[in-house]
Structure formats: C-alpha cells, structure tokens
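Residue numbers start from 1 in every chain, and the chains themselves are labelled A, B, ... in the order their sequence lines are given, proteins ahead of strands.
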Amino acid sequence: MACNSTGCESGCYDREKDNGSKIVEDAVVTQESVCVKCKCNEPMTFGDGGSEDGRFCAECFRNNVFGKFRLAVTSHAMITPSDNVLVAFSGGSSSRVALQFVHELQIKALKNYEASRDRSLAVFGVGVAFVDETAAFPALSTEMIDAIEWIRSTVSSLSPPAKGLHVVPIESVFGSDSLDPRDRLVKLLDSVPDDTGKEDLLLHLKMLCLQKVASENGYNRLVVGSCTSRIASHVLTATVKGRGYSLSADIQHVDARWKVPIVLPLRDCVRQEITRLCLLDGLKTVELACRSQSGINDLVSSFVALLQEENPSRECTIVRTAAKLTPFYFNKIPETDDSNVPMATQRRLKRFNLKYDGSMTTEAFCPICNGPQNISDSSELDYFEEGQESDALYAACCSSCRFQILPQDGSSREQFGSFLPDHMISQVKHQKVNSQAYLREKIKDCLLLDDEEVV
Amino acid sequence: MEASEAKSKRAGGSRLCCICNKRRPVLKRPKTLQQICRECFYEVFEEEIHQVIVQNRLFKSGERVAIGASGGKDSTVLAYVLSELNRRHNYGLDLFLLSIDEGITGYRDDSLETVKRNEVQYGLPLQIVSYKDLYGWTMDDIVKMIGLKNNCTFCGVFRRQALDRGATLLKVDKLVTGHNADDIAETVLLNILRGDIARLSRCTSITTGEDGPIPRCKPFKYTYEKEIVMYAYFKKLDYFSTECIYSPNAYRGFAREFIKDLERLRPRAILDIIKSGEDFRIATTTKMPEQGTCERCGYISSQKWCKACVLLEGLNRGLPKMGIGRPRGSVNGDNKHTKAGSTAKSIESKQCGSLDF
C-alpha cells in the first residue's frame with residue numbers, strides 16, 4: 001500500500017485526525033489540491049469513507065491499479081502470446097475489473113501485432129465463463145435470466161477482439177450422460193450435514209465446472225479475479241477449518257494443481273480499489289444473492305470487515321503474513337519446452353521459479369477440495385485396502401472435508417459418494433493405488449515375496 | 001449435526017450419560033456436545049490431560065515443577081488436576097506454586113489471597129515474586145505513567161522474566177502455565193493479523209524455551225476454556241474470577257470475541273485453529289531472532305538489551321513510549337532521542353496482550 005509514515009493522511013493510525021491539529025490540517029489542505037503522484041491534476045474524491053481518498057487523480061489511480069495487474073501478469077508469466085485464456089466471470093466487481101483489464105491487455109497486444117512487420121508474436125485468445133447456479137438456488141431463476149442477458153451484452157461490447165462466452169449450468173459438472181443432473185445436484189447438496197460444508201462443496205463444484213469448460217474448449221489458463229480482501233478472508237476461513245497445511249497452495253498468484261492452471265492477477269489489489277475503479281470507469285456489476293447467511297464463511301467476512309474498520313490495512317497484513325508461508329511446487333506456471341512459448345517468457349519463468357520447493361514430492365490431494373495433504377493426515381490411506389468406496393472416500397479426504405462435507409454414517413456416505421461427480425471419485429481410486437505403489441517402490445528391494453499379499 | 005443434538009436435548013430426561021450409560025446426564029460437553037454425567041466428565045477431562053502429558057512427554061520422574069499460579073480458574077484447575085494426576089499416575093513430580101504480584105490494586109491483591117488459600121488446600125509450597133521487588137515499579141505506577149494503552153506489553157514482558165526469576169529461586173526444572181486451547185487459538189489468530197511469522201511458528205508448541213533458562217509447557221493446550229470453567233464449577237474449586245482491570249483495551253479482545261462466536265457455530269473450530277497453526281508451512285530458514293544475553297541484566301535476549309530492560313529504562317527516564325512500536329533507525333538502546341521526539345506521531349502499537357510464553 002502506498003501508506004508511508006510521513007504525511008500519512010489515511011485514517012489507519014491517526015485517530016486524532018478528526019478533531020486535533022487544526023493548524024497542521026490547514027497546511028496540508030493546500031498541499032493536497034493536486035494529485036500526490038503527478039502533482040498536476042486534481043485529486044479524485046470518492047467520498048466512500050475509505051482510506052486514501054482525495055490523494056490521487058483519476059489517471060494516476062487507474063494507472064496504479066492497472067500497474068499492479070500488469071506486474072502480476074508479467075512477473076508470473078500468467079498470460080503469454082500463445083495462450084488461450086478463460087476469464088471466470090461472476091458479474092461481481094472483481095471479475096468485472098479482471099475482464100476489463102484482460103481485454104485491455106488483449107487490445108494492446110492486437111495493436112502491437114498489427115503494427116509489427118513480421119507478426120512474430122501472436123495475440124492471446126480470451127474467453128469468458130459464467131457458472132449458472134440456479135440448480136442450487138432455485139429462487140434465483142428469474143434474476144438469473146436477466147443477469148445472463150446482461151453478461152451477454154457486456155461481453156459482446158468488449159469487442160474487438162471478439163471473446164467467446166460460455167454460460168454453463170453448475171450441474172454440467174456431472175457430465176452430459178448423467179440422468180437428471182439437476183436432481184443429482186440437489187441430492188448431493190442435501191446430503192451434506194453442515195451449512196458451511198454445503199457452501200464449500202458448491203465452491204469446489206464450481207471450480208470443477210470451470211475446469212471442464214476450460215479444457216473442453218481449448219483454454220490453457222483460467223483467470224480468477226480474487227482480490228486481496230477475498231484472500232484475507234480465505235486465510236482466516238482456512239485457518240479456522242484446520243486447513244493450515246494447504247493454505248499456502250490457495251493464495252499464490254498461480255495455482256497449477258489443476259489441468260488448466262489458475263492465475264490470480266488481481267491478488268495484490270484491495271476491494272476498495274476495485275470498487276472505486278468500477279465507479280470511475282462506469283463498469284457495471286451484478287450481485288446475485290447466491291450465498292446463505294449463516295455459517296463460518298459469513299462469520300469470517302464480518303470479522304474481517306470489523307478489523308478493517310479498526311485498521312484499513314489489516315487485510316494487506318493478513319495476506320502478507322500468509323504469503324510468507326512456503327508455497328508448493330505447483331504454485332508456478334510449469335516450465336515447458338514448447339517451442340510456441342517465446343524465449344522471453346521461458347527466461348522469465350526460470351528466473352521467478354527459484355524460490356520454490358524444488359522437490360516434486362508426491363503430494364496426496366483431497367478428492368473433494370483438491371487440497372494437498374500432510375503426510376500424517378493421509379496415513380490412514382492404506383488401511384482401507386478393500387472395502388466399499390465410501391470408506392475409501394473417507395480415507396482419501398482431508399480432515400476438514402471429512403468433518404464438514406462427508407456425511408457421518410457409512411450408508412449415507414456411500415450414497416453421497418454415488419452423487420459426487422465422476423472426476424472426484426476417480427481421484428480416490430487414483431490415490432489409493434498410487435500410495436500403495438509408492439510405498440512398495442521404497443521397500444521393493446527388501447521384499448521376499450513377489451505377490452501383493454503383504455502380511 | 002445441530003438438528004440431531006437439538007432432538008436429543010428435547011428428549012432430555014429419559015436419556016442416559018453417553019459414556020457410562022448408567023447415570024443421568026447433567027451437562028453437555030463443550031468440546032463434543034456429548035451429554036454426560038458429572039463423574040464421566042471428571043474422568044474424560046482428567047484422562048485427556050493425562051494423555052496430553054504422556055504423549056508429549058512433558059515431564060520426567062523426579063523433576064521439580066513450578067505451576068504459574070495467578071489464582072484464576074486456569075491455574076487453580078491446573079494445580080488441582082496436576083497434583084491429582086501426579087498422585088494417581090505416579091509422575092514422581094515435586095510441585096510448587098509460583099505467583100507473580102504485578103501490583104494491581106483491587107485485582108492482584110485479591111487474587112493472591114486465593115493462591116495463598118490454594119497453598120493450604122492443595123498442600124503445595126508457594127513462592128511470590130513481585131514487580132516492586134524485581135523492577136521497582138508496580139503496574140499501578142506504570143499505568144499512572146503511560147496511560148491505558150500498551151500496558152499489557154509492559155505487564156507481559158515483565159511477567160515473563162518474573163516467572164523465570166521465581167523459577168530460579170525455587171530451583172525448579174520446569175514451569176507449567178495454564179494456557180488453554182482458547183488462549184492458543186487466539187494467539188495464532190493474533191499473529192496472523194499482525195504479521196508475526198516468527199511467533200506464528202513458535203506459538204503452537206506445547207513446550208517452549210528448552211534452550212533457555214527454564215523450559216515451559218502448557219498441559220492445557222487442547223483443553224477448552226469452557227470445560228475448565230465447568231470443571232472448577234462442579235468441583236467447587238476456589239478461584240478468583242475477575243478480569244484484569246486494565247484489560248478492556250487489549251487487541252486480543254477482537255480475536256477473543258471472534259472465537260466465542262466461532263465456538264457457538266462449530267465447537268471443534270478452536271482445535272482446528274491450533275491444528276492449522278501446527279501445520280503452517282513455515283520455512284525453518286525464516287529469519288529467527290538470534291539468541292544472546294542482555295548487556296544490562298544477563299537475561300536471555302535477541303537484542304543488545306532485553307525488552308524488560310528497554311521498557312524499564314524508558315520508565316525510569318520518563319520516556320513511556322520507549323520500546324513500544326516498531327524501532328525507527330537503529331536497534332533499541334541507540335535511538336532514544338528519535339523515540340522521544342516521535343511520540344506524537346508514533347503508531348499506536350497493537351502489541352498489547354501478546355503473551356509470548
């Protein structure tokens with residue numbers, strides 16, 4: 001944040017600002033009638049009671065936010081000329097800004113392409129995906145129709161270059177050959193005993209849905225507009241759910257656990273900046289009431305809002321602390337020898353990949369939340385050699401999913417397993433086989449018997 | 001899960017204790033929401049603590065152990081349970097009570113009376129160490145000088161040293177404190193909120209300071225505060241139940257309120273926070289403070305002077321903000337002048353309530 005201690009006018013530390021030091025304030029007012037950055041234009045006031053209001057002019061403010069976006073994209077090689085990028089769009093302010101910025105990047109690339117003589121650098125492709133959650137929230141059906149109309153017109157207005165729009169119902173995560181997918185979704189969600197677990201399962205299904213759209217339509221990057229504020233909430237919810245080990249995997253700029261790597265170019269922007277930018281640029285947004293009002297996720301959001309009132313830079317501090325946790329090997333765009341990737345990109349990838357854990361450890365991933373698991377957590381994996389799928393599911397899941405998502409008794413769990421998307425179930429089988437084989441590899445030279453029947 | 005619990009609550013009278021199936025249940029266990037009888041509650045409570053002690057190898061036979069006793073519920077229950085388990089399972093420990101008198105009128109003087117009664121009730125020798133004797137200042141004097149902000153910083157820093165000095169006087173091998181699961185969960189959250197990654201990696205350890213003067217451990221690490229209160233209530237233990245009169249302004253209050261709300265929604269979240277704290281991937285190469293000794297008093301310190309000496313120096317020279325907030329320029333002892341000048345603009349540090357035990 002641009003909060004340096006000299007002349008700091010933000011409300012964060014100086015409680016006396018409102019009623020004290022009148023003399024100082026007068027002197028400051030005359031100074032503050034120009035933008036503190038370019039010192040020529042008039043500063044913008046948003047009047048939203050937030051910090052750092054009235055310091056920057058519109059242009060400098062915009063450049064600041066876009067600058068952070070562009071820095072994140074280039075330093076993590078998020079979007080390169082040969083890529084086909086899918087922007088996850090929810091209609092909210094963060095994803096609207098993400099879409100806008102990606103569009104501007106694309107326009108610039110197109111301009112350069114048309115201006116260059118040899119046309120060496122291609123322009124990356126952009127698509128937009130929206131997940132329709134009506135099946136999970138039937139009350140939203142009328143709202144949803146309008147929202148989708150608005151999304152269609154918004155995306156078509158961001159042309160040229162033209163962008164493909166993919167509106168997918170969330171039940172499509174079950175695949176096209178599932179009978180009555182809507183009903184299956186309802187049954188799946190109803191069998192989750194815990195409210196927070198239900199919300200989280202829906203999020204995981206949404207991600208699977210996006211991954212499906214991306215890979216079926218030839219995209220190789222998924223842009224998610226998560227901002228600093230959202231990540232700060234995620235840090236706390238993960239901590240509170242016992243997911244401390246996998247936390248560092250979720251909050252980095254790049255998450256390449258998935259088939260289509262996820263990138264977070266707005267990770268360094270706070271919600272206040274994004275809201276202000278939408279106001280400034282007249283970017284319209286739509287907020288669908290897709291969330292329930294109870295549960296841990298909402299409790300944490302209120303807590304963070306309370307902390308922000310007390311100190312507006314708290315969100316940033318939370319994310320900064322969490323950023324000091326060690327990321328995983330998959331938290332970077334994988335290096336590739338693909339000749340389509342320009343040399344400049346390859347060099348950049350190599351340079352920024354230095355600080356990560358070099359060892360490609362065989363992490364076990366939870367089939368539901370895809371969280372990497374601590375070895376001690378997955379030690380029960382081999383216990384369920386044979387046995388029903390539900391027990392294997394239990395063994396494969398992380399402790400957080402076991403508690404808040406899986407039903408408690410065996411038979412409900414079995415039924416639950418039958419409702420899960422095939423992709424998640426195949427993860428379970430894959431894991432079971434994998435770990436046993438992995439261990440066997442390690443002790444192979446001391447085994448006397450050839451067959452698999454270990455005592 | 002909540003629905004089925006509500007159903008069984010309504011059916012109340014006809015049910016039996018979940019554990020023994022013999023007696024009538026009289027309470028709902030905060031940790032698990034099980035409905036159990038008194039005797040079973042005592043049993044699970046004491047047994048869980050015994051398991052924590054055994055599995056984490058907290059004590060060795062023949063050790064002299066001081067119990068940090070404030071007269072409050074945690075330390076009273078700790079003294080009671082530890083002497084009981086010591087007897088029942090033959091830990092072979094020599095137990096003592098160690099109490100710190102910070103000099104807070106209307107609070108500490110009353111709670112000390114409770115500890116003196118505990119000495120008689122549990123038959124454990126008591127040692128009292130006072131700030132006045134050790135530092136020449138009571139907390140009342142300090143608050144008169146610095147006001148109501150940052151006083152937890154002074155008290156916490158001074159208390160840590162006072163406990164070590166008291167432990168040395170008693171010639172004990174180990175110090176145990178009554179920090180419970182709620183305390184540790186709050187500390188984990190606080191350290192995330194304040195960006196203290198070094199503390200975050202240490203705060204969930206059940207034993208700390210093994211390479212320092214006196215190792216300390218927290219047998220109540222997985223014990224819920226509510227259960228400690230319940231135990232004290234049913235056993236009718238004698239304890240002092242008022243909050244420190246200077247505490248309302250502590251930043252820890254935010255975390256505490258949040259955890260209370262969280263516990264209502266999901267009781268196991270407290271243990272989940274501790275688990276997360278233990279599982280955080282923090283590189284061992286993270287810049288950890290280097291351990292040395294204080295030039296002024298010889299106590300363990302990562303800087304030239306230990307924090308207590310820095311704060312004392314500030315108090316004695318009438319510079320209340322010395323040692324508070326982040327250092328500007330060079331390390332503590334050198335920039336006294338800049339600190340004095342910057343009091344007007346100094347950042348209101350939120351270091352209150354950090355119990356770095």
Practice item. Please determine, among A:Leu306, A:Val300, A:Val235, A:Val240, the option with the most heavy-atom pairs under 4.5 Å with chain B. Key: A:Val240

**Study point:** Partner of B:Lys31 by salt bridge (charged side-chain N to carboxylate O under 4.0 Å, His left out), out of B:Glu48, B:Glu225, B:Glu263, B:Glu227
**Key:** B:Glu48

Practice item. For A:Phe330 and A:Ala249, work out which heavy atoms get closest and say how close. Key: CE1-CB, 3.6 Å

Check your understanding: Between B:Asp261 and B:Arg264, is the closest basic N to carboxylate O distance under 4.0 Å?
Key -> yes

Point to revise | Charged tip of A:Arg402 within 45° of A:Tyr394 ring normal and under 6.0 Å | key: yes

**Study point:** Residue part contacting chain B, namely of A:Ala238, when any heavy atom lies under 4.5 Å
**Key:** backbone

Check your understanding: Among A:Leu299, A:Leu307, A:Ile318, A:Val319, which has the most heavy-atom pairs under 4.5 Å with chain B?
Key -> A:Leu299

**Study point:** Engaged part of A:Thr239 at the chain B interface, taking heavy atoms whose separation is under 4.5 Å
**Key:** both

Point to revise | Side chain, backbone, both or neither of A:Leu247 within contact of chain B (heavy atoms, under 4.5 Å) | key: side chain

Practice item. Give a yes/no verdict on a cation-pi contact between B:Arg281 and A:Phe328, requiring under 6.0 Å between NZ or CZ and the six-membered ring centre and an angle within 45° of the axis. Key: yes

Revision key, fill the gap. So, the part of B:Ile259 with a heavy atom under 4.5 Å from chain A: the answer is neither

